[in-house]
**Student:** 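Have a look at this one.
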Amino acid sequence: QLYYNNSKKFETASGGVIAQDRVYITGAEGAEAKIILQADEGDDNADTWKIEAGTSGALNISNYASGSYEKNIECNGNGNVELYYDNVKKLETTSAGVKFGDSVKAEFGNSGEAEIYHDGSNTYFKGDSNAGLMSMQGQGNVELFAYEDILLRVNAGESGIKINNNQGVECYYDNVKKFETISTGVQVVGDCLVSENIKVLDTKKLIAGDGNDLQIYHSSNNNYIDAATTGQDIFFRTSVSSTADTSSMTIRSDGSITH
């Protein structure tokens, strides 16, 4: 047993040594202070660890498994804490929270089924084939905010919905655009199947033809069918033997009517 001013400070024991209060390990001027820990008599590289207080104010914990010391943890005074994997930094604390390096993933699930990461150019929220439903829920509104476009893709890359910055919204079927909003309304590619009524307000028109040739509308308590292009007739046809094979009535461009 060793004493200081009649107070025991150090003693040997069956399991090793016992120090009272504290132990100071001081490096020489300009040199680090180190503690080397060795398990299992230190006969394997993986048994050896080092705790080192560096001259820059950092405390490092390193392993010797590969035959040279590789960093596991770095703690910086009045600063961050860094975590390493195989001597490569993967995570650090910051004044705002935590930070991951490029292409370093935050994984979720026992087998890492879901992950979040940034590859230096793009940011990814990904789930593999075993991830199941990816759900975004909120007690209030859920807002997706982008400075450019927003794209919703399905089937590993096919377009579903595209929201264009300062432009229209596009909807796709099997990666083919079928519907979009335009500056004057909407545009449909293909058939439009309506299960209820199509309603058009007063003076608003149903228009057909590249040159707005046929117009149907209601205005001032009257109903109108207009052949809006000069020289064009209006035909009323029925189907007797085949589709629209019989002209029941024709309104000629000069105003005459034939049956």
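Treat the numbers as computed from the prediction; the structure is a model and nothing was measured.
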**Student:** How close do Lys90 and Val104 get, counting heavy atoms only, and between which atoms?
**Tutor:**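 Minimum heavy-atom separation between Lys90 and Val104: O-CG1, 3.2 Å.
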
**Student:** Please walk me through it: do Asp254 and Ser256 pass side-chain hydrogen bond (donor to acceptor under 3.5 Å, both in side chains)?
**Tutor:** CA-CA 6 Å; Asp254 62 6; Ser256 62; 2.7 Å; yes

**Student:** Kindly give the heavy-atom pair with the smallest separation between Val240 and Asp245, and that separation in Å.
**Tutor:**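 Taking every non-hydrogen atom into account, N-OD1, 2.7 Å.
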
**Student:** Begin from the C-alpha positions of Phe100 and Lys105 and carry the test side-chain contact (heavy atoms from CB on, under 4.5 Å) through to its verdict.
**Tutor:** CA-CA 7 Å; Phe100 297 83; Lys105 302 176 180 180; over 6 Å; no

**Student:** Could you pull out the closest heavy-atom pair between Phe235 and Ser247, with the gap in Å?
**Tutor:**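 Taking every non-hydrogen atom into account, CD2-OG, 4.3 Å.
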
**Student:** Between Ile225 and Leu214, is there a side-chain heavy-atom distance shorter than 4.5 Å?
**Tutor:**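 Of all side-chain heavy-atom pairs linking Ile225 with Leu214, at least one is under 4.5 Å.
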
**Student:** Could you list the residues that satisfy side chain to side chain donor-acceptor pair (under 3.5 Å) with Ser135, not counting sequence neighbours?
**Tutor:**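 Testing Ser135 for side chain to side chain donor-acceptor pair (under 3.5 Å), a comparison that skips the adjacent residues, returns Gln137.
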
**Student:** Between Gln215 and Tyr217, does any side-chain donor sit less than 3.5 Å from a side-chain acceptor?
**Tutor:**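 Absent: no donor and acceptor within the cut-off.
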
**Student:** Might you point out which heavy atoms bring Gly127 and Met134 nearest each other, and give the distance in Å?
**Tutor:**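 That closest heavy-atom pairing would be N-CE, 3.6 Å.
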
**Student:** Within this structure, what is the CG-CD distance for the pair Asn80 and Glu92, rounded to the nearest 0.5 Å?
**Tutor:**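 If I round to the nearest 0.5 Å, the distance is 5.0 Å.
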
**Student:** Side chains of Arg252 and Thr258: does their closest heavy-atom pair fall under 4.5 Å?
**Tutor:**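 They are in contact (side-chain heavy atoms under 4.5 Å apart), so the answer is yes.
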
**Student:** Ignoring hydrogens, what is the shortest heavy-atom contact between Ser66 and Asn45? Give both atom names and the distance.
**Tutor:**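 Closest heavy-atom pair between Ser66 and Asn45: C-ND2, 4.5 Å.
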
**Student:** Can you check side-chain hydrogen bond (donor to acceptor under 3.5 Å, both in side chains) on Thr48 and Gln38, steps first, answer last?
**Tutor:** CA-CA 4 Å; Thr48 301; Gln38 291 185 317; 3.3 Å; yes

**Student:** Output the distance between atom CD1 (Ile61) and atom NZ (Lys71), rounded to the nearest 0.5 Å.
**Tutor:**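 Going from CD1 on Ile61 over to NZ on Lys71, the span is 11.5 Å.
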
**Student:** Side chains of Ser62 and Asn60: do they bring a donor and an acceptor to under 3.5 Å?
**Tutor:**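 There is no such pair (donor and acceptor under 3.5 Å, judged by atom type) between the side chains of Ser62 and Asn60.
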
**Student:** Might you confirm whether atom OH of Tyr85 has over 12 heavy atoms from other residues, nucleotides or ligands at distances under 6.0 Å?
**Tutor:**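 Not buried by this count: 12 neighbours or fewer within 6.0 Å.
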
**Student:** Mind checking salt bridge (Lys or Arg N to Asp or Glu O under 4.0 Å) for Lys204 and listing every partner two or more places apart, or none if nothing turns up?
**Tutor:**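 Lys204 satisfies salt bridge (Lys or Arg N to Asp or Glu O under 4.0 Å) with no residue once adjacent residues are dropped.
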
**Student:** Measuring only between side-chain heavy atoms, which start at C-beta, is Phe125 closer than 4.5 Å to Thr123?
**Tutor:**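 Yes; the side chains approach each other to less than 4.5 Å.
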
**Student:** I'd like to check Ile18 versus Gln20 (side-chain heavy atoms, cut-off strictly below 4.5 Å). Are they in contact?
**Tutor:**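 Yes, close enough: below the 4.5 Å cut-off.
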
**Student:** Say you draw a straight line from CG of Asn223 to CD1 of Ile216; how long is it, rounded to the nearest 0.5 Å?
**Tutor:**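 CD1 of Ile216 is found 10.5 Å from CG of Asn223.
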
**Student:** Would Asn72 and Trp49 satisfy side-chain contact (heavy atoms from CB on, under 4.5 Å), going step by step from the backbone distance to the final call?
**Tutor:** CA-CA 10 Å; Asn72 293 86; Trp49 291 78; 3.4 Å; yes

**Student:** For a quick test of reading the model, state the closest non-hydrogen atom pair linking Val188 to Phe179 and the distance between them.
**Tutor:**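 Where Val188 meets Phe179 most closely, the heavy atoms are CG2-CD1, 3.8 Å.
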
**Student:** State, yes or no, whether a side-chain contact exists between Glu107 and Tyr117 at a heavy-atom distance under 4.5 Å.
**Tutor:**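 No, too far: nothing below the 4.5 Å cut-off.
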
**Student:** Taking atom CD1 as the centre, does Ile257 end up with more than 12 heavy-atom neighbours from other residues, nucleotides or ligands that are less than 6.0 angstrom away?
**Tutor:**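 Yes, enclosed.
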
**Student:** Using a 6.0 Å cut-off, check whether atom CD1 of Ile116 has over 12 heavy atoms from anything other than its own residue.
**Tutor:**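 Enclosed: over 12 neighbouring heavy atoms sit under 6.0 Å from CD1 of Ile116.
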
**Student:** Within a radius of less than 6.0 Å around OH of Tyr173, do more than 12 heavy atoms belonging to other residues, nucleotides or ligands occur?
**Tutor:**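 No - once you tally the heavy atoms of other residues, nucleotides and ligands closer than 6.0 Å, there are 12 at most.
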
**Student:** Is any side-chain heavy atom of His118 less than 4.5 Å from a side-chain heavy atom of Asp102?
**Tutor:**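 The answer is yes; the side chains approach within 4.5 Å.
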
**Student:** Should Gln1 and Tyr3 be marked as a side-chain hydrogen bond (donor to acceptor under 3.5 Å, both in side chains) after you check the CA-CA gap, both sets of side-chain angles, and the distance that decides it?
**Tutor:** CA-CA 7 Å; Gln1 299 177 354; Tyr3 288 76; 2.8 Å; yes

**Student:** State, yes or no, whether a side-chain contact exists between Ser159 and Arg153 at a heavy-atom distance under 4.5 Å.
**Tutor:**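 The answer is yes; the side chains approach within 4.5 Å.
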
**Student:** Should Glu41 and Asp47 count as side-chain neighbours, where that means a heavy-atom distance under 4.5 Å?
**Tutor:**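 Counting from C-beta outward, Glu41 and Asp47 never come under 4.5 Å.
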
**Student:** Could you please spell out the steps behind the side-chain contact (heavy atoms from CB on, under 4.5 Å) verdict for Asn164 and Glu170?
**Tutor:** CA-CA 8 Å; Asn164 297 293; Glu170 304 172 5; 3.2 Å; yes

**Student:** Members other than Leu152 in its cluster, when Ile, Leu, Val, Met, Phe, Trp, Tyr link by side-chain heavy atoms under 4.5 Å?
**Tutor:**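 Under the 4.5 Å side-chain rule, Leu152 groups with Met136, Val142, Leu144, Ile150, Ile161, Ile163, Val169.
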
**Student:** Just how far is it from atom CD1 of Ile251 to atom CD1 of Ile234, taken to the nearest 0.5 Å?
**Tutor:**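 Spacing of CD1 (Ile251) from CD1 (Ile234) equals 5.0 Å.
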
**Student:** Would Asp174 and Glu158 count as a side-chain contact (heavy atoms from CB on, under 4.5 Å) if you check the C-alpha gap in whole Å, the side-chain angles of each, and the deciding distance to 0.1 Å?
**Tutor:** CA-CA 7 Å; Asp174 197 17; Glu158 291 186 356; 3.6 Å; yes

**Student:** Within 45° of the axis and under 6.0 Å from the centre of the six-membered ring of Tyr69, does NZ or CZ of Lys50 qualify?
**Tutor:**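 The answer is yes, since Lys50 meets both limits relative to Tyr69.
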
